[in-house]
Amino acid sequence: MEFNVLVEYFRAQIRGDPDVASAVAAIRSLLEFLRRDQSETILGLRENMTQAIRRLEETDSSVAVSSGGELFLRFISLTSLEHPDLSQCKNVMIERGELFLKKISLSRGKVGKLCHTFIKDGAKILTHSSSRVVLKVLENAAADNKRFTVYVTESQPDSAGKRMAQKLRKLNIPVMVVLDAAVGYIMEKVDLVIVGAEGVVESGGVINKIGTYQMAVCSKAHNKPFYVVAESFKFVRLYPLNQQDVPDRFKYTADILKTVKDLNQEHPMIDYTPPSLITLLFTDLGVLTPSAVSDELIKLYL
Amino acid sequence: RLPEHVQVDDPAALKKLAKKLERQQVPLRSDYGYKVSLFSHLHQYSRKSPPTLQISIPATVIHPSIVRLGLQYSQGIIAGSNARSVALLHTFKQVIQDYSTPPNEELSRDLVNKLSPYISFLSQCRPLSASMGNAIKYIKKEISNIPSQCKEEEAKGKLQACIDSYINEKIILASEAISKYAIEKISDGDVILVYVWIHSERKFRVIVVDSRPRLEGREALRRLVKKGIRCTYVLISALSYILPEVSKVFLGAHALLANGYVMSRVGTSQIALVAKAYNVPVLVCCETYKFCERVQTDSFVSNELDDPDDLIVTRNGKSHLENWQTVKSLGLLNLVYDVTPPDFVDLVITDLGMIPCTSVPVVLRVKNVDQ
């Protein structure tokens with residue numbers, strides 16, 4: 001399978017189902033790539049897969065695609081591939097790949113089920129930008145006949161918060177859009193903060209849309225719980241020490257990385273929230289404290 | 001139950017220790033000088049009276065290379081936990097080489113019994129470090145795992161090979177792995193504060209912090225300058241003056257405890273505290289063989305008191321503290337280690353990768369599963 005065809009397949013997946021997580025679409029494309037791959041050796045196959053993941057990262061520079069791809073590769077090659085016949089090995093890998101895909105397609109539902117019990121009747125919730133996982137959590141809470149109000153930040157530069165507000169209105173949840181600058185103002189009114197994540201790093205911190213760090217600092221100052229909801233395929237082997245330490249390939253969108261020469265003039269799209277500001281993380285592996293994330297990562301990657 | 005080396009002020013514990021050493025035919029070393037009352041539960045020895053003075057070779061039960069090692073420890077010729085562990089393991093190789101199983105005895109049991117008086121002797125010369133403790137545990141386990149039908153030469157060869165691979169994997173290769181990870185964290189134009197040693201090729205400036213009485217920073221400074229890296233040298237008292245210029249702090253560790261606390265040279269926790277106040281990231285470099293299952297929350301319970309005479313300094317021909325023993329109310333305290341809480345440490349770089357301080361018990365668990 002050619003890499004251009006792979007990228008087209010990936011884009012088609014996202015167009016076809018706008019609700020799907022970009023990492024899930026990436027993994028579906030990688031599975032298709034694996035099925036159509038023509039290499040003669042296992043080593044060649046692995047080389048091709050790594051190249052494919054890199055091409056997908058160039059198309060969509062979010063952290064989740066990178067972490068999802070790497071976890072997929074590890075999961076399928078975890079078994080001892082001792083069959084002398086290459087096609088048999090490939091079949092085993094495809095089987096495991098499908099198992100992985102099934103598992104992660106269900107993870108958003110699992111997170112939603114875990115988290116909605118933390119939303120009490122009459123709660124006021126603050127969230128940032130547009131996250132499909134947070135939407136699922138709020139959907140579950142509404143289905144449970146809980147009454148709550150949601151404040152969403154506008155989240156410039158792409159006004160993703162307004163899109164989130166529209167989706168929430170469709171679910172009949174009372175929602176109000178606030179300016180990014182109004183987070184400090186609104187913090188005393190809210191009871192809890194729930195945000196999604198693009199990536200969860202080894203220290204237990206999260207990488208998310210720019211503005212999340214600010215919200216976390218404010219909620220710490222007001223002693224409000226700050227919850228992060230994320231699927232486990234977003235766990236990535238990065239360890240940023242501060243905002244500067246996040247690699248450039250995640251900070252900017254893929255198009256900007258390809259066209260712009262001097263990245264210092266561009267504004268980053270994500271920021272890093274350290275674990276000391278996060279109360280709990282809700283994942284499909286369970287409810288974790290930030291220090292337990294490293295434990296899970298060691299189990300996943302070692 | 002407390003280990004005996006932190007019960008010096010308890011006469012019953014001292015009597016038990018004296019009896020044990022007498023049984024093993026190891027000389028008992030007496031404490032020196034007035035001890036500050038907060039630390040009176042620890043030993044304080046003088047460098048001028050090593051326990052080797054009381055031994056007469058060859059009429060001793062202790063192997064001569066162990067005696068030499070003990071002298072090197074007590075005089076400070078071999079210092080630093082890596083150097084001490086490597087020297088210990090090499091000496092044990094020599095001991096195993098010269099060992100011959102007595103008739104009607106099994107190598108796996110007898111050799112372990114032979115090693116006990118050596119270990120008591122070495123801890124009289126200088127208290128054992130956490131890394132040395134882990135190395136000894138490993139060797140004892142390897143020895144007791146030798147099958148009884150194994151011939152003596154074969155067993156010895158196996159043990160030598162085990163020790164060699166331990167040194168290679170856990171110490172030498174581990175420090176290479178750690179430098180590789182540490183290098184990723186250094187970017188161009190960084191200013192780094194070190195209280196430990198690192199090698200790399202990025203363009204950065206290093207500030208070496210040193211403290212009396214050991215002044216170990218001078219050796220690090222010498223090596224860095226030889227590599228052509230721009231360096232600044234300060235004493236620890238200038239810390240808050242120099243920290244605003246620093247982008248990262250690299251510290252070494254003597255041991256990492258199971259509750260995430262870092263045990264290291266005295267002064268380390270001070271540096272970590274001030275760095276936290278200035279929001280400078282603190283990175284600790286530590287090999288996994290130094291992880292220990294002990295838990296400690298303060299620097300008092302278990303520490304080491306070095307020779308108090310080291311604090312006496314002679315300037316312009318005058319040493320004011322020369323006759324400190326005559327002043328009844330004066331005590332000189334020369335602490336060796338202190339303990340840093342995990343909240344001040346941002347990242348621990350080990351040979352397994354970069355982990356947060358709170359994940360030490362996870363690594364210990366994974367290692368125990370491996371073994």
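Naming convention: chains lettered A, B, ... in sequence-line order (proteins, then strands); numbering from 1 in each chain.
- The candidate from B/Thr358, B/Asp346, B/Leu347 with the greatest count of non-hydrogen atom pairs under 4.5 Å with chain A is B/Leu347.
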Would you please test A/Lys234 and A/Glu231 for salt bridge (Lys or Arg N to Asp or Glu O under 4.0 Å) and show each step? CA-CA 6 Å; A/Lys234 289 180 178 162; A/Glu231 302 99 315; 2.9 Å; yes

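- Ranked by heavy-atom pairs under 4.5 Å with chain A, the list B/Gly260, B/Cys357, B/Pro281 is led by B/Pro281.
- Looking at A/Asn242, only its side chain comes within 4.5 Å of chain B, counting heavy atoms on both sides.
- In this structure, B/Tyr289 and B/Tyr166 have perpendicular ring planes: the angle between them is above 60°, well past the 30° mark.
- Side-chain contact between A/Leu238 and A/Phe250: present, with at least one pair of heavy atoms (C-beta onward) separated by less than 4.5 Å.
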Check the pair A/Glu70 / A/Arg74 against salt bridge (Lys or Arg N to Asp or Glu O under 4.0 Å), numbers first and verdict last. CA-CA 6 Å; A/Glu70 202 192 320; A/Arg74 275 181 175 270; 3.7 Å; yes

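- Contact annotation for A/Pro240: only backbone heavy atoms (N, CA, C, O) come within less than 4.5 Å of a heavy atom of chain B.
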